[in-house]
Amino acid sequence: MIMSRIEAPRDEVTGNLLDRLLDGLPAEAVLTDPDVTAAYAHDMASFCPAGTPAAVVLPRTVEQVQHVLRTATELRVPVVPQGARTGLSGGANASDGCLVLSLTKMDRILEINPVDRIAVVEPGVVNAVLSRAVAEHGLSYPPDPSSWEMCTIGGNIGTASGGLCCVKYGVTAEYVLGLDVVLADGRLMSTGRRTAKGVAGYDLTRLFVGSEGSLGVVVRATLALKPQPPQQLVLAAEFASAAAACDAVCRIMADGHVPSLLELMDRTTVEAVNELTRMGLPETTEALLLAAFDTPDPAADLAAVGALCEAAGATQVVPAEDAAESELLLQARRSSLVALEAVKGTTMIDDVCVPRSRLGDMLEGVERIAEKYRLTIGVCAHAGDGNTHPTVCFDAADPDEARRARESFDEIMALGLELGGTITGEHGVGVLKKEWLARELGPVGMEMQRRIKQAFDPLGILNPGKLF
């Protein structure tokens, strides 16, 4: 079968594939115009090659997804599952001749249950849409990636994404109770539960979270919800050094505080945000720390944290007086990546997570790397959980600068591993970091990962070339 596909003329192969797809899909669900399919070829990552798909399919039902996978298995065609393509590791990039399986049309919220505190959703539901829908029931879906207005729940599950609130509420994996997954051969499997507790068998649900579409295609998810917390208040603390800001983070966590948000922006990031937004953030700062609490008395918590910041050397501490001021400060943090991209036009966004106690070492190391490679590298971080986003700014049209950007990116990842961290806290491995996965997991770990992949996808058609 594989040889016959290789030897046959491409139009014959593609024609057969399209005929088979259209046996179980409406014509509008199959896109073949190269000008249209090119838009589905890649996500938002730099330095990640992308191929030309044979077609893009946009199913609306579980049965249609099953048909696509059965067809792909029979014809040995690779399948690349996609959400909104807001990823930053190339995990949704097409390969030559593949089927891009876009789940964005499967966007229904099937159930919101306030008693069981669960939501059942299809993979194409946008994160922000779900968050607003459950809020009408007095509930909250905490995971909030920076792209939450665009990214989908299926993509969040595929990359095990995080967000600004992870320091208190955890990442996507903590909220996925059960999944319906279409396997490579088209069979439908259900994992997990919708109960508050359950430990029957191996935890296959967690196995799919973060698997980047390499083990199966998620078509339905049962998600845990929380009661809606009180409105949070935010504090901004200015520091004369990144080391002092990281010291404040350690003091806050060691003192037992549980902020709903604890974010850090270095001088480069603050300057970029000011340049883009004209928000008037303090340009004299070397690091800006944002802390938030959604407790019954957030002002008291902010006062206690403000004192700890001052003890660590904060030059100014400004607590927000109301929700509007708090939101303005958060907008500065949410603008960070867009602002850094505007510095040179292209960015490589790293995603290295280190122990909180090594956060200062990480930022100092990134500063040395920026000087070594003569590049602008801004750092914004989910400081409360040690997840840093060193962002390399460069001119993609300058070959030498692009080379230095890639080398600096790799050196940052090496630094993270040296500090006892991980190469990715929430963006996934995809294409961008696949060579680094082996360094982190080691040969035995990689062997077991590949065995799991083989068990679920023996033909290797699901998102090939990613992770391994």
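Here the OG1 atom belonging to T73 is positioned 10.0 Å from the CZ atom belonging to R187, to the nearest 0.5 angstrom. We find the CG-CG distance between D457 and L462 to be 4.0 Å, quoted to the nearest 0.5 Å. Summarising the geometry, atom CG belonging to L419 is positioned 9.5 Å from atom OG belonging to S357; distances are rounded to the nearest 0.5 Å. The CD atom of E435 sits 9.5 Å away from atom CD1 of I423, with the distance rounded to the nearest 0.5 Å. Distance OG/S335 to CG/L276: 6.5 Å, rounded to 0.5 Å. If you take OG1 on T172 and CG on N127, they are separated by 7.5 Å, rounding to the nearest 0.5 Å.
When atom types are taken as modelled, the side chain of D255 and the backbone of H257 share no donor-acceptor pair closer than 3.5 angstrom. Although no hydrogens or angles enter the test, the distance criterion places a donor-acceptor pair under 3.5 Å between the side chain of H67 and the main chain of G24. Listed for the K434 side chain is a donor-acceptor partner under 3.5 Å among the backbone atoms of G465. With hydrogens and angles ignored, the 3.5 Å screen pairs no side-chain donor or acceptor of E341 with any backbone N or O of T347. The main-chain N or O of K226 is never found under 3.5 Å from a side-chain atom of S140 such that the two would form a donor-acceptor pair. Between the side chain of D43 and the backbone N or O of G90, at least one donor-acceptor pair lies under 3.5 Å. In terms of modelled atom types and a separation under 3.5 Å, the side chain of S214 and the main chain of N463 share no donor-acceptor contact. In terms of modelled atom types and a separation under 3.5 Å, the side chain of D144 and the main chain of L164 share a donor-acceptor contact. Remark: the backbone N or O of N93 is paired with a side-chain donor or acceptor of K466 at under 3.5 angstrom. For the pair E440 (side chain) and L437 (backbone), a donor-acceptor distance under 3.5 Å is absent.
Two residues are said to be in side-chain contact when any heavy atoms from C-beta on lie closer than 4.5 Å; L289 and F239 meet this criterion. R206 has its side chain within reach of E174: a pair of non-hydrogen atoms, C-beta onward, lies under 4.5 Å apart. Counting only heavy atoms from C-beta outward, the side chains of L415 and D361 never approach each other to under 4.5 Å. Contact annotation: the side chain of T71 approaches that of L17 to within less than 4.5 Å [non-hydrogen atoms, C-beta and beyond]. Between L340 and T269, some side-chain heavy-atom pair lies under the 4.5 Å cut-off. For the pair M348/L432, a side-chain contact is recorded, criterion being any heavy-atom separation below 4.5 Å from C-beta on. The shortest side-chain heavy-atom distance between L103 and T152 does not fall under the 4.5 Å cut-off. Between Q66 and R70 the shortest side-chain heavy-atom distance falls below 4.5 Å.
Of the options L110, V129, L223, a side-chain contact (heavy atoms from CB on, under 4.5 Å) to V121 is made by L223 and by none of the others. Paired with C380 under the rule side-chain contact (heavy atoms from CB on, under 4.5 Å), one option of L337, L288, T388 passes, and it is L337.
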_Show, in sequence, the C-alpha distance, side-chain angles and deciding distance for T424 and D351, and conclude whether the side-chain hydrogen bond (donor to acceptor under 3.5 Å, both in side chains) test is met._
CA-CA 5 Å; T424 175; D351 174 36; 2.5 Å; yes

*Passes side-chain hydrogen bond (donor to acceptor under 3.5 Å, both in side chains), N156 versus Y175? Steps please.*
CA-CA 11 Å; N156 294 169; Y175 296 89; over 6 Å; no

*Kindly indicate, with the supporting measurements, whether the criterion salt bridge (charged side-chain N to carboxylate O under 4.0 Å, His left out) is fulfilled by R334 and E327.*
CA-CA 10 Å; R334 293 192 182 107; E327 184 55 33; 2.9 Å; yes

_Residue pair Q232, S326: steps toward the side-chain hydrogen bond (donor to acceptor under 3.5 Å, both in side chains) verdict_ = CA-CA 8 Å; Q232 67 180 1; S326 295; over 6 Å; no

*What's the verdict on side chain to side chain contact (heavy atoms under 4.5 Å, CB included) for V392 and Y373, showing C-alpha distance, side-chain angles and the deciding distance?*
CA-CA 10 Å; V392 184; Y373 288 97; over 6 Å; no

*Please assess D410 against M413 for the test side chain to side chain contact (heavy atoms under 4.5 Å, CB included), listing each intermediate value before the final yes or no.*
CA-CA 5 Å; D410 286 344; M413 283 193 287; 3.5 Å; yes

*For side chain to side chain contact (heavy atoms under 4.5 Å, CB included), just list the numbers for I412 and I377, CA-CA rounded to whole Å, side-chain angles, deciding distance to a tenth of an Å, and then say yes or no.*
CA-CA 11 Å; I412 290 169; I377 303 179; 4.3 Å; yes

*Kindly indicate, with the supporting measurements, whether the criterion side chain to side chain contact (heavy atoms under 4.5 Å, CB included) is fulfilled by R333 and L261.*
CA-CA 11 Å; R333 170 60 182 87; L261 173 148; over 6 Å; no

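Of the charged side-chain nitrogens involved, none lies within less than 4.0 Å of a carboxylate oxygen, so that E136 and R132 do not count as a salt-bridged pair.
Side-chain rings of F409 and F394 stay apart, their centers remaining 6.0 Å or farther from each other.
Taking every heavy atom of both residues into account, E426 and G162 meet most closely at OE1-CA, 3.1 Å. Heavy atoms only, all atoms of each residue included: F293 and P298 are closest at O-CB, 3.5 Å. Nearest heavy atom pair, residue C48 against residue S89, reads SG-O, 3.7 Å. Closest of all the heavy-atom pairs between T52 and D96 is N-OD1, 2.7 Å. Across all their heavy atoms, C246 and L264 have their closest contact at SG-CD1, 4.2 Å. A pairwise comparison of heavy atoms in Y40 and Q82 identifies O-NE2, 2.5 Å as the closest pair.
Around the NZ atom of K105, the shell of radius 6.0 Å holds no more than 12 heavy atoms that belong to other residues, nucleotides or ligands. R117 CZ: 12 or fewer foreign heavy atoms inside a 6.0 Å radius. In R403, the CZ atom is crowded: over 12 heavy atoms of neighbouring residues, nucleotides or ligands sit closer than 6.0 Å. Atom CZ of R60 has 12 or fewer heavy atoms from other residues, nucleotides or ligands within 6.0 Å.
Below 30°, between 30° and 60°, or above 60°: for H389 and H427 the angle between ring planes is below 30°, a parallel geometry.
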